[in-house]
Amino acid sequence: MDHFHYRNGQLMAENVPLEQIAAQVGTPVYVYSTATLKRHFRVFSEAFQGLDALVCFAVKANSNIAVLRVLAKAGAGADVVSLGELKRALKAGIPASKIAFAGVGKTKAEMAAALEAGIMQFNAESEAELETLNDVAASMDMVAPVSVRVNPDVDAKTHAKISTGKSENKFGIAWQKVDAVYARIGELANLKAVGVDLHIGSQLTDLAPFRLAFERVVGLVRDLRAKGHDIRHIDLGGGLGIPYDPDAETPPAPADYGAMIREVLGDMDCNIILEPGRLIAGNAGLLLTEMLYEKQGENRTFYILDAAMNDLSRPAMYDAYHAIVPVAEPSGDETLKADFVGPICESSDVFAKQRNTAPLKAGDLVAIKSAGAYGAVMASTYNSRPLVPEVLVDGDKVAVIRKRQSLDELLSLDEIPSWLSGD
Ligand SMILES: *Cc1c(COP(=O)(O)O)cnc(C)c1O
């Protein structure tokens, strides 16, 4: 459910015509809907009513501070993976006591900053990291609350590049080692084991792998408690999928996911942490772009857009499907097949191949949907294309929440060394 709909023949973001945003801000531009963000957060949270649950938005999905602010006001915590994300979450008003710090490569500086801020927990991913965290905490005369990210070795049956819970992945600590790792934490004076954490992958469209992983974790927590570890938090990660292509996939509803968790973990007497990213932000955003040219190839029509793989890399990186719709509602039923492509000099700069679409012409505005998660955050300046702006809509209000990078800003980072200047 999102709040991007046609009204009077025009695609709207809530009460604002996208055409107006394109005229004001230019294209390409990311547009987010506040009502959609809030709705997704509410529906997801309601699935855990009655449980002691904390929803920590996975900041890596969309780290714009205004977006985080919307979620902070709705009561969200945050799952962060870098000092930059931690700072963004704090700046958005998410209390440190609701922030978990994940990631396989935390630096000492990041650990110190997170300890200083007083975060809820570190989700630790290796023994080496735990030793380092203990040293950093000792140097600050503090005790670091840790959850160990375990690798339950289940196949999430999702795209290989977003599957994380198999033993061959770099994430988490192997099942056979978990016991020893908690024992070691018990020996380290400046660490305290507070929980167990897992995250098996992203864009899962089936509950079965989740259930299998969660059942394994329940067994583990019982075991650890029997050995004297006071496990209070169980962090189940994120990963629940969303309908990118409503005709092709029907991911489980949050209510069913919540019911399954209640069944598996309901009597564990612990705080359950959830880290949805895509589910909250994915369908709350779109990439608004203008068609520059139509080009007839051999047996193919190319629609060349002003957005490219550097602005939205999911199709190039994961072969991801994104619905693409014209901003002006098509008046007739006529359709044809076209390839929607960007201007970058790579054959992977393709948003959709042989997609059914209403006929379009140069100058038409087009919306690439479901781009609110893993869109702007993964943008690059490849081909010296400046980072595109982000706009937030709330009812009939519109705000630029990240301005377009100027070419001057982009070029000003480079410097010619002294020995190369002059003739
Ligand atoms: C990426 C990630 C998430 C969020 O995943 P979604 O599929 O966007 O819900 C949550 N937790 C961890 C540890 C992650 O790496």
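Everything numeric in this text was worked out from a predicted model, so none of it was measured. We count ligands from 1, going down the list as the structure has it; atoms in each ligand are counted the same way.
If you look at His199 next to ligand 1, the close heavy atoms, those under 4.0 Å, all belong to the side chain. Under 4.0 angstrom from ligand 1, there are no non-hydrogen atoms of Asn123. With a 4.0 Å heavy-atom cut-off, ligand 1 is reached by the side chain of Ala58 but not by its N, CA, C or O.
Between the side chains of Tyr257 and Arg262, no donor N or O sits under 3.5 Å from an acceptor N or O. At a cut-off of 3.5 Å, with distance as the only test, no side-chain donor of Thr36 or Asp2 sits close to an acceptor on the other residue. Residues Tyr382 and Glu346 have side chains that bring a donor and an acceptor to within less than 3.5 angstrom of each other. In summary, the side chains of Asn64 and Arg69 do not present any donor paired with an acceptor at a separation below 3.5 Å, with no hydrogens or angles considered.
For ligand 1, the atoms lying closer than 4.0 Å to a non-hydrogen atom of Asp79 are 10 (C), 11 (N), 12 (C). Of all the atoms in ligand 1, the ones that sit under 4.0 Å from a non-hydrogen atom of Ser202 are 5 (O), 6 (P), 7 (O), 8 (O). Proximity to Arg149 (heavy-atom distance under 4.0 Å) selects the following atoms of ligand 1: 13 (C). Numbered from 1 in the order shown, with element, the atoms of ligand 1 that lie under 4.0 Å from a heavy atom of Glu275 read 3 (C), 4 (C), 9 (O), 10 (C), 11 (N), 12 (C), 13 (C). When each atom of ligand 1 is checked for a heavy atom of Tyr374 under 4.0 Å away, the hits are 1 (C), 4 (C), 5 (O), 6 (P), 8 (O). When each atom of ligand 1 is checked for a heavy atom of Pro276 under 4.0 Å away, the hits are 9 (O).
Ligand 1 has an N or O atom lying under 3.5 Å from an N or O atom of Gly277, backbone or side chain.
Considering only non-hydrogen protein atoms, atom 15 (O) of ligand 1 sits nearest to Lys60 NZ, 2.7 Å.
In this structure, Ala373 has no heavy atom closer than 4.0 Å to ligand 1. For the pair Ala61 and ligand 1, no heavy-atom separation below 4.0 Å is found.
Under the salt bridge (Lys or Arg N to Asp or Glu O under 4.0 Å) rule, Glu125 has a single partner from Lys106, Lys177, Arg149, which is Arg149.
Note: Glu390 CD to Arg404 CZ = 11.5 Å, rounded to the nearest 0.5 Å.
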Checklist entry - Going through the distances and angles, do Leu198 and Arg216 end up as a side chain to side chain contact (heavy atoms under 4.5 Å, CB included)? => result CA-CA 11 Å; Leu198 79 163; Arg216 288 189 182 168; over 6 Å; no

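Contact check for Pro343 versus Arg385: side-chain heavy atoms found under the 4.5 Å cut-off.
Minimum heavy-atom separation, Cys270 to Arg232: CB-O, 3.1 Å.
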